[in-house]
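Only one structure is covered here, and it is reproduced in the block below.
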Amino acid sequence: MDSGSYTTGVERNALEASIDAARSALLNYRRDDGHWVFELEADCTIPAEYVLLRHYLGEPVDAELEAKIAVYLRRIQGAHGGWPLVHDGDFDMSASVKGYFALKMIGDSIDAPHMVRAREAIRSRGGAIHSNVFTRFLLTLYGVTTWRAVPVLPVEIMLLPSWSPFTLTKISYWARTTMVPLLVLCALKPQAKNPKGVGIDELFLQDPKTIGMPVKAPHQNWALFKLFGSIDAVLRVIEPVMPKGIRKRAIDKALAFIEERLNGEDGMGAIFPPMANAVMMYEALGYPEDYPPRASQRRGIDLLLVDRGDEAYCQPCVSPVWDTALASHAVLEADGHEGAKSVRPALDWLLPRQVLDVKGDWAVKAPNVRPGGWAFQYNNAHYPDLDDTAVVVMALDRARKDQPNPAYDAAIARAREWIEGMQSDDGGWGAFDINNTEYYLNNIPFSDHGAMLDPPTEDVTARCVSMLAQLGETMDSSPALARAVGYLRDTQLAEGSWYGRWGMNYIYGTWSVLCALNAAGVPHADPMIRKAVAWLESVQNRDGGWGEDAVSYRLDYRGYESAPSTASQTAWALLALMAAGEVDHPAVARGIEYLKSTQTEKGLWDEQRYTATGFPRVFYLRYHGYSKFFPLWALARYRNLQATNSKVVGVGM
């Protein structure tokens with residue numbers, strides 16, 4: 001198929017058939033109240049931690065559920081014997097230790113072939129001593145290792161003044177909500193009930209109780225790591241003799257912080273790790289199972305379970321606002337002028353979920369900004385997300401052009417006010433916070449994951465640029481938009497791509513930015529756009545699709561490495577090229593043909609590979625909705641542009 005073949009009736013009919021099938025399939029996933037929510041799958045660590053949490057608390061064994069989780073854990077075990085962070089990925093020590101521990105806890109024999117392979121894979125790589133800090137905390141709570149194996153986290157951190165080098169407001173929302181209940185656990189030093197008495201000493205090459213602090217992580221600076229290590233050594237001496245009055249005051253402040261943010265069954269931070277830590281914290285403090293805050297968190301964790309009948313797993317969180325907003329864009333694109341009517345139930349579901357009455361943690365650094373964002377999950381009022389908010393606004397704006405709605409106008413205006421108020425000093429936007437740029441904190445021993453912060457990123461910045469531009473702003477009329485475009489110009493990599501923080505990776509970042517630059521009126525002939533187009537063309541796979549693996553996040557990245565094509569990444573590349581004015585480019589025609597040829601009889605696409613990111617190099621995500629709405633969006637965009645004379649994308653994304 002060449003770029004001109006769209007003009008034939010056969011090709012038009014085939015494309016329309018693909019779009020119709022994908023649209024119908026997507027609409028069939030919509031819930032009765034109008035919204036979409038798809039499974040959100042991570043690696044083995046969350047289901048493994050779910051199992052271990054139940055045994056930590058000494059809960060009655062749910063043999064049927066555990067058997068289903070065991071089936072899931074065995075299925076995703078890698079050919080290398082351990083567990084990866086992504087589908088068909090490399091061995092990961094911490095995931096493998098947790099996967100093995102959970103299966104042993106469930107009752108799998110250590111002599112079973114899959115357990116032998118896992119144990120040998122772990123031991124041949126130096127053993128479980130090489131687990132990350134979060135895994136070490138779990139093992140310490142289980143008594144496998146001692147408190148000498150983890151950094152000191154004094155709960156008195158809660159009492160530090162705002163000018164202190166380390167305060168909760170200086171770290172990301174996910175680190176903040178995870179850490180506060182963990183601070184209480186570190187003060188109380190409880191031990192798991194573990195009725196079966198299961199341990200995993202066999203995964204170590206030494207006595208695990210002799211293990212000391214973790215070594216420096218690759219991203220950490222030697223000088224700063226040693227400085228913080230010295231501070232940790234001092235705290236290790238001071239912490240046991242901390243005055244009881246000060247400790248009680250700190251624990252009380254931690255509890256107050258937590259209970260203000262519990263979110264009912266949606267949970268602390270609406271993500272699994274803080275919810276699990278909160279439950280363990282309440283248990284350590286002696287609160288009974290039916291104590292309402294503890295009970296709500298425990299019920300919320302069970303709501304994250306996915307039971308497929310023969311197997312089950314636990315999600316890290318749920319993504320209804322994100323899924324609903326993106327699916328709405330795909331339907332708006334597919335249905336043209338009728339799209340506003342098609343997505344009205346979804347947008348009306350989104351409308352009341354705008355946070356208008358809670359000044360979340362972001363307000364510490366932006367006290368004069370009114371709230372107005374949307375969270376990622378069903379409810380998470382303290383932590384609205386700029387990315388979600390921008391995508392929701394653009395969907396509302398597209399719909400109101402065909403069906404004016406004063407309620408949409410008010411929601412858009414308030415969200416825009418919030419996003420403009422959350423722009424960081426460098427011109428970019430982070431996901432949840434403003435000016436969260438205390439980079440030195442990634443060198444503390446606790447931060448071996450390198451994800452303590454939520455600084456501005458190219459993809460979120462691009463989404464905010466797209467929103468402002470779609471609402472009519474230009475670089476001449478809006479200083480905020482001009483500064484943000486400058487940020488994007490400065491962050492383009494030498495090869496022509498942009499980094500993708502929340503999606504995998506340079507394809508995602510480049511898609512986000514090219515949509516933004518087009519919306520902001522940057523000429524398609526601009527060298528940075530031409531460079532990005534050339535890069536996207538150069539990384540197209542022979543089958544016509546695009547793909548990128550999690551390995552692209554490695555610290556020593558020296559250029560793009562090919563990976564098998566996926567439907568979602570192909571769609572991003574196509575949307576990027578079309579935003580850059582390249583609808584007639586042969587690469588676009590090949591990509592469209594790839595999507596058509598890989599579409600299933602159900603109108604959808606099979607996508608096992610992970611294409612989204614929780615924390616680079618540490619935690620990745622498979623959004624089950626991505627292969628359902630992004631390909632539809634790209635196919636419909638192609639059809640729509642081919643049917644117009646201008647062939648210019650007129651919306652933000």
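These values consider heavy atoms only, across backbone and side chains, with no hydrogens, waters or symmetry-generated copies.
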We want to know whether [X] and [Y] form a side-chain donor-acceptor pair, criterion being a heavy-atom distance below 3.5 angstrom.
X: Y383; Y: R261; value: yes
X: D459; Y: T457; value: yes
X: Y553; Y: T613; value: yes
X: H337; Y: D402; value: yes
X: S568; Y: T611; value: yes
X: E41; Y: Y72; value: yes

Tell me the closest heavy-atom pair linking [X] and [Y], and the distance in Å.
X: V37; Y: R31; result: CG1-NH2, 3.2 Å
X: N541; Y: S562; result: OD1-CB, 4.2 Å
X: T570; Y: S565; result: OG1-CB, 4.4 Å
X: S342; Y: V331; result: CB-CG1, 3.7 Å

Item to complete: Determine, step by step, whether L386 and W418 satisfy the side chain to side chain contact (heavy atoms under 4.5 Å, CB included) criterion, reporting the C-alpha distance in whole Å, the side-chain angles of both residues, the deciding distance to 0.1 Å, and the verdict.
Response: CA-CA 9 Å; L386 283 99; W418 181 67; 3.7 Å; yes

Fill in: With sequence neighbours excluded, residues passing side chain to side chain donor-acceptor pair (under 3.5 Å) with Y610
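By the side chain to side chain donor-acceptor pair (under 3.5 Å) rule, Y610 matches no residue at all.
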
Within the distance-only criterion (no hydrogens, no angle test), does the side chain of [X] pair as donor or acceptor with the backbone N or O of [Y] below 3.5 angstrom?
X: N640; Y: E333; value: yes
X: D323; Y: W36; value: no
X: S319; Y: W322; value: no
X: Q540; Y: A587; value: yes
X: H329; Y: V391; value: yes
X: T461; Y: E458; value: no
X: W429; Y: I419; value: yes
X: S597; Y: Y594; value: yes
X: Q315; Y: L304; value: yes
X: D385; Y: A375; value: no

[Y] and [X] aromatic ring geometry - parallel, tilted or perpendicular at 30°/60° bounds:
X: Y626; Y: F630; result: perpendicular
X: W174; Y: W502; result: perpendicular
X: H624; Y: Y313; result: parallel

Within the 4.5 Å heavy-atom criterion, are [X] and [Y] side-chain neighbours or not?
X: L40; Y: V318; result: no
X: V393; Y: W374; result: yes
X: L595; Y: S18; result: no
X: R308; Y: E39; result: yes
X: Y173; Y: N380; result: yes
X: W362; Y: D454; result: no

Discussion item. Applying side chain to side chain contact (heavy atoms under 4.5 Å, CB included) to R463 and M394, what does each step give before you reach the verdict?
Written reply: CA-CA 10 Å; R463 211 83 70 218; M394 285 187 276; 4.0 Å; yes

Fill in: Partners passing side-chain contact (heavy atoms from CB on, under 4.5 Å) against E265 (at least two apart in sequence or in another chain)
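If we apply the side-chain contact (heavy atoms from CB on, under 4.5 Å) test to E265, skipping adjacent residues, the hits are R299, L303.
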
Worksheet entry | Under the salt bridge (charged side-chain N to carboxylate O under 4.0 Å, His left out) test, residues paired with R344 that sit two or more places apart |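 R344 satisfies salt bridge (charged side-chain N to carboxylate O under 4.0 Å, His left out) with D348 once adjacent residues are dropped.
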
Practice prompt. Name all residues meeting the ring pair (Phe, Tyr, Trp, His ring centres under 6.0 Å) criterion together with Y508; count only those two or more places apart in sequence or in a different chain, and write none if there are none.
Written response: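 Partners of Y508 by the ring pair (Phe, Tyr, Trp, His ring centres under 6.0 Å) criterion, ordered by chain and then number, come out as W511, W572.
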
Using residues 349-359 as the side-chain source, report each donor-acceptor pair under 3.5 Å to any protein atom, sequence neighbours left out, with the distance given to one decimal.
residue	atom	partner	partner atom	Å
W349	NE1	D33	OD2	3.3
R353	NH1	W349	O	2.9
Q354	NE2	G372	O	2.8
Q354	NE2	A411	O	3.0
K359	NZ	P367	O	2.3
K359	NZ	V369	O	3.4

Item to complete: Please say whether more than 12 non-hydrogen atoms of neighbouring residues, nucleotides or ligands are located less than 6.0 Å from NZ in K341.
Response: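 Atom NZ in K341 is not crowded, with 12 or fewer foreign heavy atoms closer than 6.0 Å.
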
Practice prompt. Give a yes or no on whether K602 atom NZ has more than 12 heavy-atom contacts from other residues, nucleotides or ligands under 6.0 Å away.
Written response: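 No, not enclosed.
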
Worksheet item: Can you pull the ring pair (Phe, Tyr, Trp, His ring centres under 6.0 Å) pairs that have at least one residue in residues 462-483, sequence neighbours excluded?
Response: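 Counting only pairs at least two positions apart or across chains, no ring pair (Phe, Tyr, Trp, His ring centres under 6.0 Å) contact touches residues 462-483.
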
Worksheet item: Run the side chain to side chain contact (heavy atoms under 4.5 Å, CB included) check on R637 and V651 step by step: do they pass?
Response: CA-CA 11 Å; R637 174 69 52 82; V651 291; 3.6 Å; yes

